Every structure is written in structure tokens, then in C-alpha cells.
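Below is one structure; the comments refer to it alone.
Small disclaimer: the values here were computed from a predicted structure and weren't measured.
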Amino acid sequence: MSERTLSTTFSPWLRLLARRRRRLVIGMLLLMLTVGSAVGLLSLSGWFIAASALTGMALAMGVSAGLDVYVPGGGIRFFAVSRTVARYAERLYNHDTVLRLLADLRSRLFAAMARLDDRTLTKQRASDWLNRLTADIDTLDNLYLRLMAPPVVALSAVLLVAAFLALWVPVAGLALVVLLLPTWAWLTVGQAWLGMAASRRQVDHLERLRSQAIEHLSGLAELEAYGSRAWHRRAWRNREQALHRDQRRTGRVAGAGIALVNLMVGLTMVGVLWLAASAWQEATISGAVMVMMPLAVLALGEALALLPMAFTQLGATRGAAERLNGVERAGANVPAFDGTKLPEGALSATLRGVTLHYAGALTPALRNIELELRPGERIALTGASGAGKSSVAALLTRRLPPSQGEIKLAGVPLAQVDESSLRQRVAILGQRIDLFQGSLASNLRLAAPQAGDALLWQVLDGVELAAWAASLPHGLDTRVGEGGRALSGGQARRLALARLMLRDPGLVILDEPFAGLDAATVSRLALSLDRWLEGRSVVYLVHQLGGGAFDPPGITRECRLEQGELTVCANSAHPSG
């Protein structure tokens with residue numbers, strides 16, 4: 001285990017944690033108060049019980065003796081209450097802190113992922129990206145709650161108890177340091193070294209199992225059709241068995257660490273008791289103090305017992321941090337687009353000698369595309385599935401960089417356009433509809449956060465959803481379900497179109513905007529869409545013009561793509577739709 005490598009791996013996330021330095025320090029102090037109260041309670045209770053017994057024995061023997069029971073009794077009650085309150089407050093406060101930290105981590109990671117283009121995103125499964133945002137981020141909560149605060153608190157407790165014992169018997173404090181400091185070092189460095197590989201593999205196994213589960217369920221029909229379900233299940237079981245082997249290994253390592261804590265705390269107790277008994281025989285300490293000293297050592301077991309499991313799982317935390325660092329690096333490699341803002345009004349678009357070649361593909365998706373869209377013009381980009389229409393849309397929205405050639409919007413090279421300006425002035429309605437598990441209103445306000453209810457009802461009326469939404473018990477507050485599953489396909493598509501109409505783009509890209517809708521509905525919605533598109537530049541992505549339930553209105557030119565090449569770009573034979 002390389003300290004330098006660990007430092008490099010965790011440094012970005014430690015810097016993020018440092019933004020909440022005050023909360024982290026308060027949480028650590030609460031943890032120290034909890035451990036300190038436990039040590040004080042056990043030590044003072046042992047002293048009080050021993051002192052009471054010795055005083056009783058002295059009185060029974062006719063020796064004059066006295067004991068103030070009020071001060072130690074009050075101290076015991078104080079430590080008992082402070083331990084309970086401090087533990088409750090520490091758990092509440094630290095878990096609240098961790099939830100805030102997780103929100104910070106997710107926001108930072110989502111921002112990094114949002115900067116990635118489609119080429120980078122497609123290198124991983126969707127389940128892998130989801131795993132980064134959920135499981136990997138959750139694993140990083142170990143960084144503060146288990147890997148930072150507990151070892152600092154345990155080390156502080158060992159040193160403070162050693163100093164306390166040294167007040168009575170200096171050699172006892174030295175013995176505690178000699179025995180428990182190496183134990184603390186092993187519980188951190190040694191446990192991490194033993195469990196590093198196995199705990200790191202556990203996270204990889206869990207990630208792959210999640211992906212396999214999603215693949216198995218989503219592809220069940222295909223697996224059954226090709227007779228591959230049993231093979232897929234065997235691969236699944238093999239992965240589970242590998243996970244169980246690593247879990248057993250880390251369990252044994254953590255168990256050995258806990259046994260080591262019990263052994264070393266016990267040996268230290270015996271050693272301190274022997275040294276305290278020797279001091280008592282020499283009449284340098286009282287019998288009650290002799291009893292108190294080993295009990296103070298016993299209380300340290302609570303602080304040290306937190307370390308074995310946490311550091312055995314360090315490899316899992318390290319692996320998660322490395323994967324998240326990879327996402328951060330990929331996001332950082334994306335150039336910062338903070339240049340020219342696009343003008344108001346309809347935008348022109350120009351593609352000159354544009355070629356797009358996906359990594360690993362045998363042939364380019366687009367070859368030497370020459371295309372010009374004038375301000376306010378509407379063109380139809382036609383072609384069979386796989387011809388390259390969606391690739392053109394990805395290039396115009398800067399979701400993909402061209403392999404060769406130049407793209408301009410409003411005469412500005414696309415690479416120099418300000419990011420926020422591009423997202424505001426260029427809008428796309430793709431075939432995939434993205435709806436979130438929220439209300440109708442919240443999904444619409446993704447396009448216009450300040451939009452009032454009146455405007456939302458207006459755009460819903462434009463896509464013939466207003467009457468339906470008004471009939472719902474909760475109206476605009478009706479939740480659409482995860483991914484919009486509470487809506488039909490047609491309702492989801494019209495809701496996405498309504499969301500598009502809340503924006504004011506200069507260039508609109510429409511990919512089969514009315515796919516899945518009946519002809520009567522399409523003919524009515526086309527009029528509303530045509531009015532909204534007035535004064536905007538439009539690129540329609542359709543399979544073909546003519547003969548369908550919907551022909552885009554106002555088309556001036558048809559440009560046809562065949563196998564990534566622009567074969568024709570001429571005035572449309574269907575200008576009125």
C-alpha cells in the first residue's frame with residue numbers, strides 16, 4: 001500500500017470534505033466526548049465501588065474512616081448522562097454531516113458527468129454510470145465517518161489515558177503507550193494491507209452483479225429465445241461465489257482485528273494492574289486508584305473496536321475513489337466552453353467537410369458532410385435508420401465532436417460557443433423522452449424554472465393535454481412516476497413537446513416529433529407546432545417525406561443521408577406539408 005498513491009487517490013475528496021471543516025471538527029469533538037465519558041464513567045465507577053468497599057471494611061474492623069459519596073456519585077451520574085447524550089448527538093450530527101457530504105459528492109460528480117460527450121458516455125453501460133452516482137458515492141461515506149474521525153479519536157484516547165495513568169504511576173502510562181500504540185498502528189495500516197485486495201474486488205463484483213441483474217431482466221426474452229438463460233445464470237452464480245469468497249476473507253481479517261483489540265486491551269489491563277498493584281504495595285497509590293487504572297484501559301476497547309472493520313474495507317473505498325477520479329478526469333478533459341454567446345433570433349448552421357468516426361467502428365458514421373441551414377429555414381434530414389441523422393443532431397448540439405471538418409452556428413465556430421448560450425439557443429426533441437419522478441409541473445419547469453401555472457396550462461393546451469391534466473385529482477401536482485411510467489407513450493411525448501415549447505431557442509431539432517401518435521391527433525398538433533416554430537430555424541429528422549401520417553410543415557429543402565453520406569439536398573416537393 002503506497003501512502004503516496006493513497007494520498008493522490010483521496011486528495012480531491014478530502015479537499016471537498018474540507019469545505020465543511022467546521023462540521024467535521026464538531027462531529028469529531030462529539031465522538032471524543034462520547035469516548036471520554038465512557039472512560040470517565042467506567043474509571044470513576046470502579047474507583048467509587050472500590051473506595052466504598054475499602055471504607056466499609058475499615059469501619060467493620062473498627063477503624064475510623066470516611067468517604068464523600070456525593071462528589072463521585074455526582075460525577076458518575078454526569079458521565080452516564082453525558083455519554084448517552086453525546087452518543088445520541090454524535091450519531092445524529094455526524095450522520096447529518098455525512099448526508100450533506102454525499103449531496104456535495106453527488107452534485108460534483110453529476111456536474112462532471114454532465115460535461116461528458118456521448119462518445120465518452122457510451123464507453124460505459126448506463127448501469128455503470130448509475131453505480132458511480134449511487135454505490136461508489138455511498139462507499140465514500142467511509143472516508144470521514146469510519147476512516148478519518150475514529151482513528152483520530154482512538155489515538156487521542158490512548159494518549160490521554162496514558163497521560164492520566166502516568167499521573168499516578170508513570171511506568172503504567174508508558175506501558176500503555178508501548179502496547180497500544182503499535183496496536184493502533186496495526187489496526188489502521190495492517191488491517192488495510194491485509195484487506196485491500198479482497199475488499200476492492202468486492203466492489204467490482206457488486207458492480208458487475210448489478211449490471212448482470214439489469215442485463216438479465218431487460219434481456220430475458222432474448223436469453224430465453226436463444227437458450228442462453230442457463231448460461232447467463234451460471235455466470236451470475238460464479239460472480240456471486242467470487243463475491244462470497246472475498247466477503248469471507250475480509251470477514252476473517254476484520255474478525256482477527258477485533259480479536260487483536262480484545263487481546264491487546266486485555267494484556268494492557270493485566271500489565272497496568274500489575275504495575276498499579278506494585279505501586280499500591282509501596283503505598284504510593286490507594287487501593288481504589290489501583291482498581292481504577294485497569295478499568296480506564298478497559299474503556300479504550302470501545303474506541304479501538306471501531307477500527308478493524310473500517311480499515312479492512314479501505315480497498316473498497318479506495319477503488320470507489322479511483323473510479324470517481326476517472327470520471328472527474330474525463331470531465332476535466334472536456335474544454336471549458338465560455339466563449340461567444342449566440343445572438344437572438346433564428347440561427348444559421350453550417351457543416352463544412354464534417355466527418356464523424358465512432359471509436360471502434362469499422363466505417364465512419366458521417367463522411368464529408370456539406371450542409372447549410374439559413375436563418376429561419378426549415379429542412380428535413382431524411383434517411384433510413386442508421387443513416388446518420390442522429391449523429392448530425394449530436395454534432396449540432398455538441399454532444400459529439402467531429403472527427404474532421406468545421407461546424408458553425410450563427411457564423412461562430414461551435415467549439416467557441418458559450419455552453420449556457422448553446423443550451424438556451426439550441427433545443428432538441430429526440431426519440432427518447434426523459435421524464436423525472438416528479439410532478440407534471442416540475443417536469444415542465446425543467447425548461448423554464450420561473451414559469452407560472454398559467455403558462456404551464458397554456459403549453460399543455462397547445463399539445464392537447466390541458467383537459468386531461470385538469471381532470472386529474474392533483475392537476476399540475478400529479479406525479480408522473482419514474483421515467484414517466486404513469487403516462488402513456490403518447491402522453492409522455494406530448495408532455496416533452498410542451499416542455500420544449502416553454503423555451504425560446506433559435507434552432508430547433510425535431511426527431512420524429514409525433515412518433516407513436518394517431519393521425520388525427522398529429523394533424524391538430526402540427527398546427528400548434530407550426531405556429532410555435534415561426535421565426536426559428538428547424539431541422540426535422542424523419543425517415544422520409546410524403547405518404548406518412550405527418551409531413552413536417554413549411555419544409556423548404558430535403559437533404560437525404562445514405563450510409564453517412566449526403567446524397568441529395570434539394571428544394572422539397574412538399575413545402576406545405
Side-chain angles (χ1 to χ4, degrees), residues 32-58 60-61 63 65-69 71-73 75-76 78-80 82-83 150-191 256-308:
M32 287 183 178
L33 180 60
T34 302
V35 174
S37 296
V39 173
L41 178 62
L42 192 56
S43 303
L44 186 56
S45 297
W47 179 90
F48 186 57
I49 292 171
S52 299
L54 291 172
T55 302
M57 291 172 60
M61 295 171 61
V63 178
L67 177 65
D68 181 4
V69 299
V71 174
I76 290 171
F78 169 77
F79 284 128
S82 67
R83 181 174 185 267
V152 172
V153 171
L155 180 60
S156 300
V158 168
L159 296 177
L160 289 174
V161 170
F164 176 72
L165 296 184
L167 293 175
W168 309 97
V169 182
V171 70
L174 178 62
L176 187 147
V177 169
V178 169
L179 290 172
L180 291 190
L181 271 188
T183 302
W184 177 90
W186 174 261
L187 294 175
T188 52
V189 178
Q191 291 290 132
I258 294 172
L260 178 65
V261 170
N262 294 330
L263 174 64
M264 295 308 297
V265 169
L267 289 176
T268 306
M269 276 185 62
V270 171
V272 168
L273 178 60
W274 180 74
L275 294 171
S278 299
W280 173 70
Q281 285 181 331
E282 296 173 2
T284 56
I285 61 172
S286 66
V289 171
M290 178 190 71
V291 174
M292 175 189 68
M293 293 175 65
L295 291 178
V297 176
L298 178 62
L300 290 176
E302 181 176 341
L304 293 172
L306 299 174
L307 305 182

Non-hydrogen side-chain atoms of [X] and [Y] separated by less than 4.5 Å:
X: W184; Y: T188; answer: yes
X: L181; Y: L155; answer: yes
X: E302; Y: V39; answer: no
X: W47; Y: S43; answer: no
X: V297; Y: L165; answer: yes
X: M293; Y: I285; answer: yes
X: F48; Y: V69; answer: yes
X: W168; Y: M292; answer: yes

*Kindly say whether A279 contributes a backbone atom to a donor-acceptor pair with the side chain of T284 at under 3.5 angstrom?*
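Flag set: sc T284 to bb A279 pair under 3.5 Å.
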When rounded to the nearest 0.5 angstrom, what is the spacing between [atom1] in [X] and [atom2] in [Y]?
X: L263; Y: I258; atom1: CG; atom2: CD1; value: 13.5 Å
X: L298; Y: N262; atom1: CG; atom2: CG; value: 9.5 Å
X: L179; Y: M264; atom1: CG; atom2: CE; value: 5.0 Å
X: Q191; Y: L260; atom1: CD; atom2: CG; value: 7.5 Å

Non-hydrogen atoms of [X] and [Y] that approach each other most closely:
X: A288; Y: L54; result: N-CD1, 3.8 Å
X: L42; Y: L295; result: CD2-O, 3.3 Å
X: L273; Y: P294; result: CD1-CG, 3.9 Å
X: L176; Y: A162; result: CD2-CB, 3.7 Å
X: S37; Y: S82; result: OG-OG, 2.8 Å
X: A175; Y: L275; result: CB-CD1, 3.9 Å

*asked:* Exactly one of L187, L306, L300 should register a side chain to side chain contact (heavy atoms under 4.5 Å, CB included) with V261. Which one does?
replied: L187
